[in-house]
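Here is how names work: the chains are called A, B, and so on, in the same order as the sequence lines, proteins then strands, and each is numbered from 1. All values below were derived from every heavy atom in this structure, side-chain atoms included, with hydrogens, water molecules and symmetry-related copies excluded.
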Amino acid sequence: MPTETTTPTEKQAAPLITRARLRGLAATGLIILSVVTAFLYLGGWFAPGALTPARFVDGLERAGGMHSGFRRNHAKGVAVSGFFESNGQGMRLSKALIFRTGRIPVIGRFSLSGAAPSVADAPDTVRGLGLLFRLPDGEEWRTAMVNLPVFPVKGPQGFYDLTLASAPDPQTHKPDPQKMEAFLARHPETARAFKIFQSHPPSSGFENSTFNSLMAFRFVNASGVWIPVRWSMVPVQPFAAATPAAAAPGNKNYLFDALIVSIHRHPLQWHLMITIGQPGDVTNDANIPWPVGREQVDAGTLTLDSVESEETSPARDINFDPAVLPAGIEPSDDLLLSARSAVYSESFRRRAGETKESSAITPSEVRQ
Amino acid sequence: MNTNVTPERRQFTASMRFLHWLTAALVLTMLGIGVAMVASLASFQTLVSIHRPLGILILLVVVIRYVNRRLSALPPFPATMSSQERFVASASERLFYALLFVLPLVGWGMLSAARYPIVLFGSLHLFPILPHSLMLYAMLRATHTVLAYLLFLMFIAHFGAILFHTFIVRDGMFNRMAPWRVRAENR
């Protein structure tokens, strides 16, 4: 208990400034200052160079330009919908309701990487597939996959640096090969990943592409046992190699147009293949592939039977945040998931408030 | 509690004091998580998954606290407080209650408008309270930040005021809300 040295209301003659009051004032100031400093520290104010979600998205905007209302990466896309039919094989691996035998609705989005929403389709551009599975109890599973066999870099900083190194130069509108060379010299893991890409050439279209989770996750079954997994959507449509001739200069949307034609012709299907990791398999680095021959479980079939322009679909306004997971699917020790979730959320926050411009794949383009 | 029988109440009731310190701990944790998560890549996901259920817990606590506040007898303001100070104290109490009630609702509403599932833990999740609308999300998301900073400023002012009364005015005002029981003769 502090002793009362003065009673200010009664003694009018008491001096306004006393030693005790000055000490009290200093203590008050010091305590308040420390609390404010602690909060500023938590908010990253003392680490102006650290990569934050906001700085990451700033980098995406610097590399690919500002496009009002669009995703800051994988900006060009088309919406799809259909259903997932589980065969029950996944139940022993995960208690997630998606693996119970039965059919659940799915909405999704095919996309091309990059911040430019009207970029011309090209065979080497990374293709994305975002999916949202609506589970019967109202839970959701969202996943954002790409057609690469491994992640090209280690962690978010690597991706940020790669994005800036491969950005088109403002003068020449082409990536600066010197920057890329310098990046590869500093990132042998990316050079290694590029070699793996060369042995996995892209397919002719979205419809026969394999889409991979890249990151490892944990499946937890009803007995509480967890295993590390990665998953892929493996197309039923047969593989055909991409041909440069298909990318005719006249048709900027040839990949999307081919997808629209084929989905109108017949529903497209993929198998959800769960790859089970063994002890020792790297789970915290999506850059490192797992050894071939790991057990794979076919958990069911994804059927996409409807395609729509983003302008008329709710998919445009959905964040395919890969951290939205149902009970039974959990993050692994790969912090890339958290970083992706943070960056996707920041991109979503920015574009939500912006005026929406029309999608390159217009409603009339999608019409049958 | 026998505090009811003393002619002059010196402290808030035990339940009010408990709820005050519970709110203080929850809200300070929440403000820290909030400011850290938006600046973090590696911890974002963990922090968000704490932020959501903690916000709903604060919403529940503030409703209980408000009802309890209305049902409880209050100690008078200390004689050392001027009428202006009393007015500011009452107004800030109302603003605190309003913010603690509205902030979680804005959070819940903005996740609804973004069409995020509102996961508490495991498969337990809340229903959406607003339709899917990006413009609505953008508005509420910005509101959430502004109100959170306002709440932080309110906390600093509140904390500063009690430190001022404790270290400079030295009128024992802290005893009114002290987590422990303070006997009348201690004064």
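- A:Ile318 approaches B:Arg115 most closely through the heavy-atom pair CD1-CD, 4.0 Å.
- More than 12 heavy atoms of other shown residues, nucleotides or ligands fall within 6.0 angstrom of atom CG in B:Leu60.
- Looking at every heavy atom in both residues, B:Pro117 comes nearest to A:Val324 through CG-CG1, 3.4 Å.
- Using a 4.5 Å heavy-atom threshold, the side chains of A:Glu354 and B:Met135 count as separate.
- Heavy atoms closer than 4.5 Å to chain B are found in the side chain of A:Arg142, but not in its backbone.
- Comparing A:Leu336, A:Leu22, A:Leu337, A:Leu51 by heavy-atom pairs within less than 4.5 Å of chain B, the highest count is held by A:Leu51.
- In this structure, B:Gln45 and A:Ala323 approach most closely via the heavy-atom pair CG-CB, 3.7 Å.
- Interface residue B:Leu31: backbone and side-chain heavy atoms are both found under 4.5 Å from chain A.
- Looking only at heavy-atom pairs under 4.5 Å with chain B, the residue among A:Pro53, A:Ser345, A:Ala327 that has the most is A:Pro53.
- Using a 4.5 Å cut-off on side-chain heavy atoms (C-beta onward), B:Phe167 and A:Leu25 make no contact.
- Taking CZ from A:Arg350 and CZ from B:Arg141, the interatomic distance works out to 11.0 Å, rounded to the nearest 0.5 Å.
- Only the backbone of B:Val38 comes within less than 4.5 Å of a heavy atom in chain A; its side chain stays farther off.
- Looking only at side-chain heavy atoms (C-beta outward), A:Phe39 and B:Leu28 come within less than 4.5 Å of each other.
- Contact tally against chain A (heavy-atom pairs below 4.5 Å) for B:Ser133, B:Gly122, B:Ala142: the top residue is B:Gly122.
- Here the CD1-CZ distance, from B:Ile168 to A:Arg23, works out to 12.0 Å after rounding to the nearest 0.5 Å.
- With a threshold of 4.5 angstrom between heavy atoms, B:Ser49 does not approach chain A through any atom at all.
- Nearest heavy-atom pair, B:Ser40 versus A:Ala342, reported as atom, atom and distance to 0.1 Å: O-CB, 3.8 Å.
- Of the listed residues (A:Thr28, A:Leu135, A:Val36), the one with the most heavy-atom contacts under 4.5 Å to chain B is A:Thr28.
- Other residues, nucleotides and ligands contribute over 12 non-hydrogen atoms within 6.0 Å of the OH atom of B:Tyr97.
- Going from atom CZ of B:Phe164 over to atom CZ of A:Arg21 covers 7.5 Å, rounded to the nearest 0.5 Å.
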Verify side-chain contact (heavy atoms from CB on, under 4.5 Å) between B:Leu134 and A:Lys356, making sure each step is shown before the conclusion.
-> CA-CA 10 Å; B:Leu134 271 202; A:Lys356 308 289 176 293; 3.6 Å; yes
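- Across all their heavy atoms, A:Ile32 and B:Ile156 have their closest contact at CD1-O, 3.8 Å.
- For chain B, the nearby part of A:Pro156 is the side chain; its heavy atoms alone come within less than 4.5 Å.
- Across A:Asp137, A:Val343, A:Leu335, A:Leu325, the residue that shares the most heavy-atom pairs under 4.5 angstrom with chain B is A:Asp137.
- What you find for B:His132 and A:Asp317 is that their closest heavy atoms are NE2-O, 2.8 Å.
- No more than 12 heavy atoms of other residues, nucleotides or ligands shown are found within 6.0 angstrom of CZ on A:Arg100.
- In the displayed structure, A:Trp45 atom CH2 is contacted under 6.0 Å by at most 12 heavy atoms of other residues, nucleotides or ligands.
- For the set B:Phe121, B:Phe159, B:Phe152, the entry with the most heavy-atom pairs within less than 4.5 Å of chain A is B:Phe152.
- By number of non-hydrogen pairs under 4.5 angstrom with chain B, the leading residue of A:Ser338, A:Gly138, A:Ala339 is A:Ser338.
- For chain B, the option among A:Glu140, A:Glu139, A:Arg340 with the highest count of heavy-atom pairs below 4.5 Å is A:Glu139.
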Given the rule in the ring pair (Phe, Tyr, Trp, His ring centres under 6.0 Å) test, do B:Phe44 and A:Tyr344 qualify, once you have shown the distances and angles that lead to the verdict?
-> CA-CA 11 Å; B:Phe44 176 81; A:Tyr344 282 39; over 10 Å; no
